Amino acid sequence: MAAGFKTAEPLEYHRSFLKENCRPDGRELVEFRTTTLNIGSISTADGSALVKIGNTTVICGIKMELANPSVEAPNKGYIVPNVDLPPLCSSGFRPGAPGEQAQAASQFIADIIESSEVVKTEDLCIERGKLCWVLYCDLMCLDYDGNLLDTCVIALLAALKNAQLPEVTLNAETSLPEVDLKKRKPLQIHRHPLASSFCVFDNSILIVDPTGEEERLSTAQLTVVTDEDGRLCSVHKPGGTSLSGERLQECISRAQVRHREIRKLIDKVAQSVTSRK
């Protein structure tokens, strides 16, 4: 009976739970799903992390390449993020060129990297105007069940903390780079941006960490990014109904609490990886 109601009237089905201040999966409105993290999961990458929020699973692999700095920024390297939503993660995605959601997610990650200065691109310069590092940060969704952005941001930050730069010198005679893979140093992480996503139902009911179905049925979605000082790095709201200043402040406060929880998780897992080496 309940399954038939859910299929025929999904919105009414969700409303029947929201009236009781809970959700179909048993969570309270402001309760996040279980978050798990594995760091260094890809041995062939220069830094990697696997993150699960509920069923949503994202793996991030970082590859480093040498390149020439741009003429406009001769003392800077590059960070190039790319979010991939392949058909294997959900029947809602098709093979071929990246869809609108994947492109929007890639841009969102690029904006966070720039606005928060998680890694300063000056740190990626080896020789001004001659040589720098490019960090290709590939984020692939393995299972999609809502809240892609939070999962991607955690995976990116954990993978960056796992990445190590090899020592590079320019040969004075040949001007060619010489890479010493045995001598590596960790990337310097300057800020720790983390995201918290919310959905609004019927223009008034606020829930955190939405599932895929909750995202589809909601009237608005919002992602708040904060750093370790509680500073607001960015607010991402792709259309939908407007939010009052009071509601927005509530989201920011919840995001700051969530930030502390996830930061503890990242530090704990990163520490256990370091102690195993």
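Bear in mind that the values here come from a model prediction, so they are computed numbers and not experimental data.
You'll find the side chain of Pro166 reaches within 4.5 Å of the side chain of Met64, heavy atoms only. Ile113 has its side chain within reach of Leu156: a pair of non-hydrogen atoms, C-beta onward, lies under 4.5 Å apart. Phe108 places none of its side-chain heavy atoms less than 4.5 Å from the side chain of Pro238. Side-chain atoms of Arg254 and Glu250, non-hydrogen and from C-beta on, do get closer than 4.5 Å to each other. Put simply, the side chain of His14 reaches to within 4.5 Å of the side chain of Phe201, judged on heavy atoms. Annotation: side chain of Thr226 is not in contact with side chain of Leu194 (no heavy-atom distance under 4.5 Å). Val200 has its side chain out of reach of Ser204: every pair of non-hydrogen atoms, C-beta onward, lies at least 4.5 Å apart. The side-chain heavy atoms of Trp133 and Val168, taken from C-beta on, include a pair separated by under 4.5 Å.
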From CA spacing to verdict: salt bridge (Lys or Arg N to Asp or Glu O under 4.0 Å), Lys264, Glu261: CA-CA 5 Å; Lys264 273 183 198 165; Glu261 292 168 0; over 6 Å; no

Audit row: Val235, Thr223, side chain to side chain contact (heavy atoms under 4.5 Å, CB included) steps and yes/no: CA-CA 6 Å; Val235 174; Thr223 300; over 6 Å; no

Steps toward salt bridge (Lys or Arg N to Asp or Glu O under 4.0 Å) verdict (Arg15, Asp202): CA-CA 9 Å; Arg15 280 176 179 151; Asp202 294 333; 2.7 Å; yes

Stepwise side chain to side chain contact (heavy atoms under 4.5 Å, CB included) test for Val58 and Leu142: CA-CA 6 Å; Val58 170; Leu142 305 177; over 6 Å; no

Stepwise side chain to side chain contact (heavy atoms under 4.5 Å, CB included) check, His190 with Val118: CA-CA 5 Å; His190 291 273; Val118 55; over 6 Å; no

Test log, rule side chain to side chain contact (heavy atoms under 4.5 Å, CB included), inputs Ile207 and Phe198: CA-CA 6 Å; Ile207 64 169; Phe198 306 83; over 6 Å; no

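Leu66 contributes atom CG, which lies 11.0 Å from atom CG of Leu176 (distance to the nearest 0.5 angstrom). Atoms OG and CG, from Ser272 and Leu37 in turn, are 8.5 Å apart once rounded to the nearest 0.5 Å. Rounding to the nearest 0.5 angstrom, the gap separating the CD1 atom in Ile266 from the CG atom in Asn162 is 12.0 Å. The line from CD1 of Ile126 to CG of Leu131 is 4.0 Å long, rounded to the nearest 0.5 Å. Note that the CD1 atom of Ile39 and the SG atom of Cys60 stand 11.0 Å from one another [nearest 0.5 Å]. Once rounded to the nearest 0.5 Å, the distance linking CG of Leu85 with CZ of Arg94 reads 13.0 Å.
Hydrophobic clustering (side-chain heavy atoms under 4.5 Å, transitive across Ile, Leu, Val, Met, Phe, Trp, Tyr) groups Leu232 together with Leu248. Leu50 and Ile154 fall into different hydrophobic clusters, where Ile, Leu, Val, Met, Phe, Trp and Tyr side chains are chained together by heavy-atom contacts under 4.5 Å. Cluster membership for Leu187 and Ile112, using ILVMFWY side-chain heavy atoms within less than 4.5 angstrom, is shared. In the hydrophobic clustering of ILVMFWY residues, with side-chain heavy atoms under 4.5 Å counting as a link, Leu222 and Ile262 come out apart. Neither Val153 nor Val224 shares a network with the other; the hydrophobic side chains, linked directly or stepwise wherever heavy atoms of I, L, V, M, F, W or Y lie under 4.5 Å apart, form separate groups for each.
Not a single donor-acceptor pair under 3.5 Å links the side chain of Tyr78 to the backbone N or O of Thr121. A distance-only check finds a donor-acceptor pair linking the side chain of Ser244 to the backbone of Arg247 [under 3.5 Å]. Although no hydrogens or angles enter the test, the distance criterion places a donor-acceptor pair under 3.5 Å between the side chain of His259 and the main chain of His192. Checked by atom type and distance alone, the side chain of Ser116 never pairs as donor or acceptor with a backbone atom of Cys233 at under 3.5 Å. Without hydrogens or angle criteria, Ser48 side chain to Ile42 main chain gives a donor-acceptor distance under 3.5 Å. A donor-acceptor pair under 3.5 Å is formed between the side chain of Gln256 and the backbone N or O of Gly230. A donor-acceptor pair under 3.5 Å is absent between the side-chain atoms of Gln221 and the main chain of Lys237, judged by distance alone. For the pair Asp145 (side chain) and Gly212 (backbone), a donor-acceptor distance under 3.5 Å is present.
When all heavy atoms of Ala45 and Gly61 are compared, the pair lying nearest together is CB-CA, 4.3 Å. Of all heavy-atom pairs spanning Pro87 and Pro95, the tightest one is CG-N, 3.5 Å. Residue Asn147 comes nearest to Thr56 through the heavy atom pair O-CG2, 4.3 Å, listed as atom of the first residue, atom of the second, then distance. Contact record, Pro193 with Leu157: O-CD2, 3.8 Å, taken as the closest heavy-atom pair. Nearest approach of Asn55 to Arg33, heavy atoms of both residues: N-NH1, 4.2 Å. Scanning all heavy atoms of the two residues, the minimum distance from Val208 to Arg27 falls at O-NH1, 3.8 Å.
Heavy atoms of other residues, nucleotides or ligands lying less than 6.0 angstrom from NZ of Lys76 number 12 at most. The environment of CD in Glu228 is crowded: more than 12 heavy-atom neighbours from other residues, nucleotides or ligands sit within 6.0 Å. Residue Glu28 qualifies as open at atom CD: its count of foreign heavy atoms under 6.0 Å is 12 or below.
Judged by distance alone, the side chains of Ser197 and Arg258 never bring a donor and an acceptor atom under 3.5 Å apart. For Gln101 and Tyr144, the side-chain atoms include at least one donor-acceptor pair closer than 3.5 Å. Between the side chains of Asp267 and Gln271, not a single donor N or O lies within less than 3.5 Å of an accepting N or O.
Looking at Arg23 and Glu214, a side-chain N of the basic residue comes within less than 4.0 Å of a carboxylate O on the acidic one, giving a salt bridge. Between Lys52 and Asp143, no side-chain nitrogen of the basic residue sits less than 4.0 Å from a carboxylate oxygen of the acidic one, so the salt-bridge criterion is not met.
A side chain to side chain contact (heavy atoms under 4.5 Å, CB included) with Thr211 holds for exactly one of Leu217, Asp25, Ile53; it is Asp25.
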